[in-house]
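The block underneath contains the structure these notes are about, expressed in structure tokens.
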Amino acid sequence: MAVGVQFWNAAGTKTLDIDTRIAKFFGTAQVGNSYTGTAASGTITDSRFTAYTGTTPFVFALGGSFDLDGNRCEFSFSGNVLTWNFPNSVSGSSWTRPDTTFIYGIL
């Protein structure tokens, strides 16, 4: 007999199992001209990115992440550090740092 947790809905369909990945949200952040000014990059350090075996960190932009020229905020992970970056940032131009709200966590 397998050990773990399983859930079924009223129709008898399994909806959650020990193999199901569920997102764990750690936080929300806002970057871009209105929030971080002229900063073209930054980091968020969170030990929980690497605290759980078998998980994968994620970031999801909720909106406002592109400017008129298609410039956007890019994200990457290295260990317990999430880095955000506006690769096309130009000093003095708010268009190259569009306001971006994002959530982050692990799967």
Side-chain angles (χ1 to χ4, degrees):
M1 174 182 219
V3 177
V5 175
Q6 296 179 328
F7 293 92
W8 287 266
N9 63 17
T13 304
K14 190 185 314 181
T15 58
L16 183 68
D17 195 332
I18 195 71
D19 294 331
T20 305
R21 290 188 135 199
I22 300 175
K24 182 170 185 151
F25 297 97
F26 293 160
T28 302
Q30 295 175 309
V31 297
N33 192 57
S34 296
Y35 305 111
T36 53
T38 59
S41 64
T43 60
I44 296 173
T45 302
D46 193 320
S47 62
R48 296 174 294 178
F49 289 139
T50 56
Y52 305 100
T53 303
T55 61
T56 303
F58 75 88
V59 62
F60 182 78
L62 298 174
S65 58
F66 291 92
D67 71 6
L68 298 174
D69 294 323
N71 298 325
R72 62 184 170 84
C73 187
E74 295 181 353
F75 304 94
S76 63
F77 289 94
S78 178
N80 64 351
V81 179
L82 162 62
T83 300
W84 57 268
N85 177 43
F86 291 101
N88 298 320
S89 184
V90 176
S91 180
S93 172
S94 64
W95 289 107
T96 59
R97 292 180 307 282
D99 293 339
T100 303
T101 300
F102 61 92
I103 58 175
Y104 59 93
I106 57 172
L107 291 172

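Computation of the quantities below employed the complete heavy-atom set of this structure, encompassing side-chain atoms and omitting hydrogens, waters and symmetry-equivalent molecules.
- Put simply, OG1 on Thr36 and CD on Gln30 are 10.0 Å apart, with the number rounded to the nearest 0.5 Å.
- In terms of the side-chain contact (heavy atoms from CB on, under 4.5 Å) criterion, residue partners of Thr28 (sequence neighbours excluded) are, by chain and number, Thr101, Ile103.
- Within the 4.5 Å cutoff, no side-chain heavy atoms of Phe58 are placed close to those of Phe26.
- Screening residues 23-32 for salt bridge (Lys or Arg N to Asp or Glu O under 4.0 Å) gives no qualifying pairs among residues at least two apart or on separate chains.
- The main-chain N or O of Phe86 is never found under 3.5 Å from a side-chain atom of Arg97 such that the two would form a donor-acceptor pair.
- Under the side-chain contact (heavy atoms from CB on, under 4.5 Å) criterion, Phe77 pairs with Phe49, Pro57, Val59, Leu82, sequence neighbours left out.
- With sequence neighbours left out, the ring-ring contact (aromatic ring centres under 6.0 Å, His included) criterion links Phe60 to no other residue.
- Residues meeting the side chain to side chain donor-acceptor pair (under 3.5 Å) test with Asn80, sequence neighbours left out: none.
- Remark: Thr56 engages no residue in a side chain to side chain donor-acceptor pair (under 3.5 Å) (not counting sequence neighbours).
- Among residue pairs with one or both ends in residues 32-41, none qualify as salt bridge (Lys or Arg N to Asp or Glu O under 4.0 Å); sequence neighbours excluded.
- With sequence neighbours left out, Ala51 forms a side-chain contact (heavy atoms from CB on, under 4.5 Å) with no residue at all.
- One finds the CH2 atom of Trp84 at 6.5 Å from the SG atom of Cys73 (value rounded to the nearest 0.5 Å).
- With sequence neighbours excluded, the residues satisfying side-chain contact (heavy atoms from CB on, under 4.5 Å) with Asn85 are Ser41, Pro87.
- Residue pairs meeting the side-chain hydrogen bond (donor to acceptor under 3.5 Å, both in side chains) criterion with at least one member in residues 44-54, sequence neighbours excluded: Asp46-Arg48.
- Rounded to the nearest 0.5 Å, atoms NZ (Lys14) and CG (Asn9) are 12.0 Å apart.
- Summarising the geometry of Tyr35 relative to Val31, their closest heavy-atom pair is CD1-O, 3.5 Å, with the distance given to 0.1 Å.
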Under the criterion side chain to side chain contact (heavy atoms under 4.5 Å, CB included), I'd like the reasoning laid out for Trp8 against Thr13: C-alpha separation, chi angles, the key distance, then a yes or no. CA-CA 5 Å; Trp8 287 266; Thr13 304; 5.8 Å; no
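- When only modelled atom types and interatomic distance are considered, Asp99 and Ser34 share a side-chain donor-acceptor pair under 3.5 Å.
- Between Phe75 and Phe102, the ring centre distance stays below 6.0 Å.
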